[in-house]
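Each ligand, and each atom within it, is numbered from 1 in the order the structure gives. Note that the structure is predicted; figures quoted are calculated from it, not measured.
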Amino acid sequence: MRRPIIVGNWKMNMLISSADKWMIGLLDKSHITDQADIVIAPPFTALAVLRERIKGSKVQLAGQNMGSEPVGSLTGEISAAMLKDAGCNYVILGHSERRQYCAETNALLRRKISVAYEQGLNIIFCIGESLDDRNNGRTHDVIKTQLSSGLEGLGISRLGQLALAYEPIWAIGTGHTARPEQVQDVHLFIRSWIKELFGAKCAEYTRILYGGSVTPETSTTLINQSDVDGLLVGGASLKPNSFYDIINSLV
Ligand code: PGA
C-alpha cells in the first residue's frame, strides 16, 4: 500500500511573512489527515521560519531545487546539506520550469539525484512531455528518456527515497488539467518501466504523483486513479483553504 503524498509547490511566490501566515492558516484547520504525507515547497527564504512553525505538526518541507555539488564555490547555489539544515526532508528535482528556463539537462539532474541521495533527502523527480510531444504521439518516448537518464543505474535500495511526479508541461499553470485517463495511462507506463528496470516490488512501492493545474474540483478524480499516489500542486497551493480542500479529497 503506497502512502499518498500531497505537495504544494509555491514557486517564486510568498514573502517570509505571507508564508508564515499561510502556514498558521493551514495548521489552524481542525484536522489534517495523518493518512498522507503533506509537504510544502516554499521559496528558500521562507524555509527557516516555516521549519519553526511546523514543529510538532504533520507538515513537512521540500526544497524546490538544489545545487548539483555537495559543497563548493558556487555562488547562488543551495546545497543538499543546507536544505536539510533548513528543515527539508524532500527536494523537488527536474521541474519542467527548471529544465526549460534554467537549462537543466538530464545529465545535470542525474548528478543532483545522486547528491540528494547522499544527503538522505527524499526526491520528487519531475518528468513530463510538451504539447508538441503529445500531439505527435511521443509522450511515452519522452517519459522513457527522462526516466532512463535520471534513474538508470541507481541501486534498488535508493528507490525507496524517490517519488516521481508526472507533470505534462501543457498542463502546468494553464488551467488545462490532464484528463484522468491520460494521467492513468502515463502513470501505468511509468510503473511498468520501474518494474522492468527494478522489479515488481519496487514498482509496487514507488509513489507517482500527478501535477498540472490540480484544483479542489479536479483532485478527487485524479487521486482516485489506481496509479496516482499523490498530487503536486502549484497555483492552488497558494491559498491554505484550497490546499486544505485538496488534502481532504484523499479522505
Ligand atoms: P500548477 O503547477 O498546479 O500551477 O499547474 C504545478 C507545478 O508546476 O508543479
Side-chain angles (χ1 to χ4, degrees), residues 4-14 18-19 22 26 36-44 46-47 50 59-66 83 88 90-104 109 112-113 116 121-131 133-134 139 142-143 146-147 150 162-180 182-183 186-187 190 207-223 225 228-250:
I5 171 169
I6 307 287
V7 184
N9 174 15
W10 289 354
K11 310 192 180 187
M12 204 171 69
N13 294 287
M14 302 270 195
S18 41
W22 185 103
L26 183 73
D37 290 329
I38 309 298
V39 182
I40 294 297
F44 295 139
L47 282 170
L50 293 181
V59 180
Q60 304 177 73
L61 294 176
Q64 293 181 15
N65 177 36
M66 190 198 83
L83 287 182
C88 297
Y90 283 88
V91 62
I92 298 173
L93 294 177
H95 192 284
S96 61
E97 286 156 11
R98 296 213 55 89
R99 291 180 190 258
Q100 206 174 339
Y101 305 124
C102 305
E104 294 207 355
L109 291 168
K112 288 191 179 190
I113 286 174
L121 282 166
N122 295 302
I123 297 159
I124 299 165
F125 182 51
C126 304
I127 51 180
E129 81 287 3
S130 67
L131 189 58
D133 291 329
R134 175 158 286 270
T139 299
V142 169
I143 296 291
Q146 291 172 339
L147 285 169
L162 182 106
L164 291 158
Y166 169 53
E167 294 210 307
I169 297 169
W170 48 271
I172 296 176
T174 58
H176 299 298
T177 321
R179 290 198 310 275
Q182 292 176 314
V183 174
V186 176
H187 281 226
I190 295 170
R207 296 187 291 184
I208 309 174
L209 293 72
Y210 167 77
S213 295
V214 174
T215 62
E217 289 72 39
T218 55
S219 53
T220 307
T221 328
L222 289 164
I223 201 78
Q225 302 304 304
V228 176
D229 311 307
L231 300 169
L232 178 50
V233 187
S237 73
L238 294 175
K239 295 221 162 59
N241 284 349
S242 59
F243 190 66
Y244 183 66
D245 288 346
I246 291 172
I247 295 172
N248 279 340
S249 55
L250 287 172

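Under 4.0 angstrom from ligand 1, the non-hydrogen atoms of Ile172 come from both its backbone and its side chain.
Remark: among candidates Gly234, Ser96, Ala236, the nearest residue to atom 3 (O) of ligand 1 is Gly234, based on non-hydrogen atoms.
With hydrogens left out, the protein atom closest to atom 9 (O) of ligand 1 is Glu167 OE2, 2.7 Å, a heavy atom. For atom 4 (O) of ligand 1, the nearest non-hydrogen atom of the protein is Gly235 N, 2.8 Å.
Classification of the His187-Tyr166 ring pair by plane angle, with boundaries at 30° and 60°, yields perpendicular. The aromatic rings of Trp10 and Trp22 lie perpendicular to each other, with more than 60° between the two planes, well past the 30° mark.
Side-chain contact of Glu167 with His95: a donor-acceptor pair under 3.5 Å is present, judged by distance alone.
Taken to the nearest 0.5 Å, the CD1 atom of Ile6 stands 7.5 Å off from the CG atom of Leu209. Note: Phe125 CZ to Ile113 CD1 = 4.0 Å, rounded to the nearest 0.5 Å.
Atom numbering of ligand 1 starts at 1 in the shown order; those under 4.0 Å from a heavy atom of Gly173 are 1 (P), 4 (O), 5 (O). Interface of His95 with ligand 1, defined as ligand atoms under 4.0 Å from a residue heavy atom, comprises 7 (C), 8 (O), 9 (O). Each of the following atoms of ligand 1 lies closer than 4.0 Å to a heavy atom of Gly212: 5 (O). Which parts of ligand 1 touch Ser213 is read off a 4.0 Å heavy-atom cut-off, strictly below it: atoms 1 (P), 3 (O), 5 (O). Near Asn9, meaning under 4.0 Å from any of its heavy atoms, are these atoms of ligand 1: 9 (O). Listed by number with element, the atoms of ligand 1 under 4.0 angstrom from any heavy atom of Ala171 are 5 (O).
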- [ ] In sequence, state the C-alpha distance, the side-chain angles, and the governing distance for Leu47 and Leu83, and then conclude on side chain to side chain contact (heavy atoms under 4.5 Å, CB included).
- [x] CA-CA 8 Å; Leu47 282 170; Leu83 287 182; 4.1 Å; yes
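Within the structure, ligand 1 lacks Gly211 among the residues with a heavy atom less than 4.0 angstrom away.
Every residue meeting the salt bridge (charged side-chain N to carboxylate O under 4.0 Å, His left out) condition with Glu97, not counting sequence neighbours, appears here in chain and number order: Lys11. Asp133 pairs by the side chain to side chain contact (heavy atoms under 4.5 Å, CB included) definition with Glu129, Ser130, Arg138, Val142, not counting sequence neighbours.
Checked by distance only, ligand 1 and Thr174 stay at 3.5 Å or farther apart across all their nitrogen or oxygen atoms.
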